[in-house]
Amino acid sequence: MSNIELSEQELIRRASLQKLRDLGINPYPANEFKVNVTANQIITTFNPEIPNLQEVVFAGRLMSQRIMGKASFGELQDETGRIQIYVNRDEVCPGEDKTLYNEVFKKLLDIGDIVGVMGYVFITQMGETTIHVKEFVLLSKSIRPLPVVKEKEGKTFDAFTDPEQRYRQRYLDLIVNPHVKEVFLKRTKIINQMREMFNERGYIEVETPILQPIPGGAAARPFITHHNALNMPLYLRVANELYLKRLIVGGFEGVYEFSKDFRNEGMDRTHNPEFTVMEIYVAYKDYNWMMDFTEEMIERVAVALHGMTSIPVGDKEIDFKRPYKRITMFDSIREHTGFDISEMDEIALRDVCQKIGVEFDNTMGKGKLIDEIFGAKCEGNYIQPTFITDYPVEMSPLCKKHRNNPELTERFELMVNGKELCNAYSELNDPIDQLDRFQEQLRLSEKGDNEAMFIDMDFVRALEYGMPPTSGMGIGIDRLTMLMTNSISIQDVLLFPQMKPEKRAEEDSAEKYLELGIPAEWVEVLMKMGYKKVSQLKEVKPGKLFNDLCGFNKKNQLGLTNPAANDVTNWLN
RNA sequence: GACUCUGUAGCUCAGCUGGUAGAGCAAUUGACUCUUAAUCAAUGGGUCGAGGGUUCGAUUCCCUCCGGGGUCACCA
């Protein structure tokens with residue numbers, strides 16, 4: 001990168017980098033730095049009575065500096081938090097040469113540098129636990145200034161809040177906004193809790209293909225890609241359900257996977273094109289068993305995170321203590337609309353939609369219509385965890401028909417805070433029925449429902465060999481994390497949420513300028529001056545350009561030899 | 001996709017009805033041996049998102065585009 005692209009502060013830091021090298025200090029040393037304590041350990045375990053922690057080796061990022069002549073304070077931040085350091089000139093530089101303090105510490109170190117310190121812990125007159133530094137070493141130089149966030153008495157000043165920058169440059173967000181790290185630590189804890197519970201029960205964690213020839217297991221638009229060697233399309237999975245069930249056919253009796261799934265659909269507060277789902281399948285169980293299991297799992301996660309079952313979500317308080325209310329979809333619709341739709345056909349359902357003001361179109365079948373009604377009138381009412389059970393068969397092509405009513409399926413969704421959190425079935429294991437359902441989906445797809453599924457004939461073949469009765473459940477890990485961390489947006493629980501790419505202004509390549517006979521050193525100057533395209537250059541008068549170039553050279557002290565006025569005229573012709 | 005708000009210094013933000021920009025922090029230089037949003041003094045730093053239009057003159061008004069936020073729609 002050329003120097004004129006850099007801000008003043010970046011230039012100063014690069015100059016500091018060179019000065020450090022001139023002093024024989026490697027700003028990026030290779031050797032291991034053996035730390036023996038964390039910031040949090042110092043703060044929680046230091047006891048001035050003993051005193052302990054008298055030979056600490058600590059490393060972290062320099063987050064603030066308060067220089068007062070011969071002594072200085074600063075703060076270092078490691079993974080666990082911040083600790084104050086105290087540096088005294090004559091202790092760090094016992095001899096005559098005070099360069100290490102006066103130059104290196106006071107001038108050449110910047111906020112953002114990674115620094116290692118050796119010393120002992122004490123408590124200052126102001127009561128702050130502090131490392132009294134006897135030696136320090138630069139571990140990594142930062143040449144780009146960090147946003148400086150300050151805090152006093154719980155109030156934050158100049159907080160780094162721009163959502164775009166926070167998500168694009170998550171590393172900055174993590175450095176500067178400590179609460180952000182908490183969310184992601186909790187996310188990991190949620191996943192670990194679930195994994196522990198499954199492993200305790202002997203279920204097997206597996207991995208299934210992300211690149212699938214047929215994107216099955218859910219009705220969603222897939223991302224498509226191409227495999228060159230096989231010269232065939234491949235899809236990024238929208239679900240892993242069909243593969244996990246193949247494993248149940250193969251004799252595993254409990255399998256689960258934390259699965260990154262991909263759906264080529266809209267993005268908003270609750271949707272990211274790639275997202276994480278945990279799916280689990282257990283043989284010889286049904287959806288009633290799975291409801292008990294799901295309750296236990298979620299309650300366990302809530303307690304592990306918060307020590308209690310009741311947690312704040314937005315302006316509400318949600319209690320994850322089991323058991324959760326269970327209500328059938330028909331009862332729910334009756335409760336919230338006053339209509340009993342259990343015996344209705346497509347025509348009657350359209351009539352209901354009309355009466356209660358639910359939008360619909362003629363491509364919608366019975367299942368879709370019921371789903372629309374539920375989504376519009378019922379879903380949002382379930383703030384406390386509630387199982388909605390017994391969905392119509394048209395909406396659930398992978399789910400076993402209800403033991404008491406062939407129009408329904410043995411399916412439940414867990415609704416929390418007005419949104420779907422889990423989805424589970426007594427899995428359909430009748431191969432003939434499964435093929436019929438797939439074909440019905442295909443008919444719907446031909447009718448215009450572009451979310452209807454592809455048919456996976458190998459999956460049907462697997463079922464033909466026989467799959468034990470099985471119950472399966474899927475849960476959105478991102479949404480669960482949002483609930484458990486009280487986050488409003490999915491972007492707050494994804495380390496790197498999907499963003500539009502950063503766009504740079506359109507510009508011509510350097511070659512185009514060189515072709516005009518412009519020396520390379522002046523090309524970057526022209527670009528910096530705003531002539532991003534050769535065509536723009538052609539529109540200015542040579543005299544003006546000549547003046548501007550010389551002026552720019554002088555003003556920015558580039559030290560270049562000015563071109564002759566004639567040269568400039570020649571460039572433009 | 002629709003509506004709406006928004007883009008000014010490294011960061012957070014001011015900038016009235018049009019006259020090419022200010023503050024705090026950060027930075028630079030100096031003072032200061034227990035400070036903590038350290039303090040004090042001085043200094044530098046900006047194609048005011050991009051392009052076009054109106055105008056003698058646009059950061060400001062109008063249009064288009066680009067980026068971002070919010071709401072809604074779409075998305076079991």
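Every chain is numbered from 1, with letters handed out A, B, ... down the list of sequences.
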Problem - Any A/R269 side-chain nitrogen or oxygen under 4.0 Å from OP1 or OP2 of B/U71 - result: yes
Handout entry: A/R168 vs B/G68: side-chain N/O to OP1/OP2 distance below 4.0 Å
Key = yes
Exercise for the section: Describe the nucleic acid contact of A/D162 in one word from base, sugar-phosphate, nothing, applying a heavy-atom distance below 4.0 Å. Expected result: sugar-phosphate
Handout entry: For B/G7, the Watson-Crick or wobble counterpart (both distances under 3.5 Å)
Key = B/C66
Exercise for the section: Tell me what A/L146 touches on the nucleic acid: a base, only sugar-phosphate, or nothing, going by heavy atoms under 4.0 Å. Expected result: nothing
Handout entry: Aromatic ring proximity, centroids under 6.0 angstrom, A/H336 and A/Y382
Key = yes
Exercise for the section: Using heavy atoms to find the nearest nucleotide of RNA chain B for A/P147 and A/R13 separately, return the residue whose nucleotide is more 5′. Expected result: A/P147
Problem - From B/A76, B/G10, B/C74, nucleotide with atom closest to A/K368 side chain - result: B/A76
Handout entry: Whole-Å C1' distance, B/G69 and B/C25
Key = 24 Å
Handout entry: Side-chain-base donor-acceptor pair under 3.5 Å for A/E8 and B/U28
Key = no
Practice task
Give a yes/no answer on whether the side chain of A/Q165 brings an N or O atom under 4.0 Å of OP1 or OP2 in B/C11.
Solution key: yes
Handout entry: Paired nucleotide for B/A26 [Watson-Crick or G-U wobble; both distances under 3.5 Å]
Key = none
Problem - Position toward the 5' end of RNA chain B (nearest nucleotide), A/Y425 or A/Q125 - result: A/Q125
Fill in the blank from the handout: Which of B/G10, B/C25, B/A76 is nearest the side chain of A/N423? It is B/A76
Exercise for the section: Sequence neighbours left out, what pairs pass salt bridge (charged side-chain N to carboxylate O under 4.0 Å, His left out) with at least one residue falling in residues 62-75 of chain A? Expected result: A/E75-A/R82
Exercise for the section: Compare the minimum distances between each of B/U36, B/A76, B/C34 and the side chain of A/E128, then state the nucleotide with the smallest one. Expected result: B/U36
Problem - Phosphate OP1/OP2 of B/A37: any A/K150 side-chain N/O under 4.0 Å - result: no
Exercise for the section: Please state whether the rings of A/Y86 and A/F73 are parallel, tilted or perpendicular, taking 30° and 60° as the class boundaries. Expected result: tilted
Fill in the blank from the handout: pair_partner(B/U33), Watson-Crick or wobble, both distances < 3.5 Å, evaluates to none
Problem - Proximity to the side chain of A/E420 - top-ranked nucleotide from B/A73, B/A76, B/G10 - result: B/A76
Exercise for the section: Please confirm whether the backbone N or O of A/G112 pairs with a side-chain atom of A/R61, one donor and one acceptor, at under 3.5 Å? Expected result: yes
Practice task
Test A/R411 against every option in A/N423, A/T389, A/D390 by the side chain to side chain donor-acceptor pair (under 3.5 Å) rule and name the one that passes.
Solution key: A/N423
Exercise for the section: Taking only the side-chain nitrogens and oxygens of A/R66, find out if one of them lies under 4.0 Å from OP1 or OP2 of B/U35. Expected result: no
Handout entry: Paired nucleotide for B/A2 [Watson-Crick or G-U wobble; both distances under 3.5 Å]
Key = B/U71
Handout entry: Any A/K107 side-chain N or O less than 4.0 Å from OP1/OP2 of B/A27
Key = no
Handout entry: Any N/O donor-acceptor pair, A/E164 side-chain to B/G67 base, under 3.5 Å
Key = no
